[in-house]
Amino acid sequence: MFKILIVDDDKDFSKAVETYLSRNGYEVCYASNAEKAYDAIYKNVFDLIICDIMMPGTDGFQFASQVRSVNSTIPLLFISALDDVQSKHKGFQIGIDDYMVKPIEFDELKMRIKAILRRTGIAQSKRLVIGGTVLDREERSAYVDGVEVVLTPREFDIAFKLLSYPKKTFSRQELMDEFWDSETTSSTRTVDVYVTKLRDKFSLSKDFEIQTVHGLGYKAVPL
């Protein structure tokens, strides 16, 4: 399932978009301003960001510029009431992928999203292939040399996260924040238990290993 972040201070419009996209098979998160959006991006991996321009505080141009400075590939779609050429030009100069003017037709939005995901190759990124190890996010399945590795949903999410960013270290707290409920009573040591399970389940894989970064957390390293 593709995961989309909507950043817009218009709650009614955002709710309508969220409802429509959810009914069409997308997982949708909502942030009413750029600051909340930064928090959401830190805790999640999104496939597409839909953003308004005119927002209190940090506007859409500033937000898109900041996102582009740290992530050059995530698709950005502006949906704004601004219909002037200058705004569109500025958006595309920043690096957005598409621009729609409010009010919008939801069916057109769906077509544009599909086109963006296809054009940017996001659909293919749902499948991680590292040598003989394959993780498919759509099917939530994992294989090593053709043999299925049975994982719980949380084990799969942690493995996919680590392998999506090879050699990047994630702290225990970062993994807890993303994959455990905010009200959990588990300690960060719970992450150690899951990593131990993952190491055991992927023990036959000669393609990568999950290394401990002492005092920090874990990272997946291709072999």
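Side-chain atoms are counted along with the backbone in the values below, which use heavy atoms only and exclude waters and symmetry mates. Remember, predicted model here, so these are calculated numbers, not experimental data. For the single chain, residues carry numbers from 1 onward in sequence order.
Annotation: side-chain hydrogen bond (donor to acceptor under 3.5 Å, both in side chains) contacts involving residues 48-66, sequence neighbours excluded, comprise Glu35-Thr58. Applying the ring-ring contact (aromatic ring centres under 6.0 Å, His included) test to pairs two or more places apart or on separate chains, those with a residue in residues 189-223 are Trp180-Tyr194, Phe202-Phe208.
Two residues are said to be in side-chain contact when any heavy atoms from C-beta on lie closer than 4.5 Å; Leu204 and Val147 fail this criterion. Considering only heavy atoms from C-beta on, Phe61 comes within 4.5 Å of Ser87 through its side chain.
A distance of 7.0 Å separates CZ of Phe63 from CG of Leu76, quoted to the nearest 0.5 Å. If you take NZ on Lys110 and OH on Tyr26, they are separated by 8.0 Å, rounding to the nearest 0.5 Å. A distance of 10.0 Å separates CG of Asp10 from CE of Met54, quoted to the nearest 0.5 Å.
Nearest heavy atom pair, residue Val101 against residue Lys88, reads CG2-CE, 4.0 Å. Nearest approach of Pro222 to Lys167, heavy atoms of both residues: CD-CG, 4.4 Å.
Within the cation-pi definition used here (under 6.0 Å to the ring centroid, within 45° of the axis), Lys168 qualifies as a partner of Phe170.
A salt bridge links Lys102 and Asp8; the closest N-O separation between the charged side-chain nitrogens and carboxylate oxygens is under 4.0 Å. Comment: Arg118 does not engage Asp97 in a salt bridge, judged by the lack of any side-chain N to carboxylate O separation of less than 4.0 angstrom.
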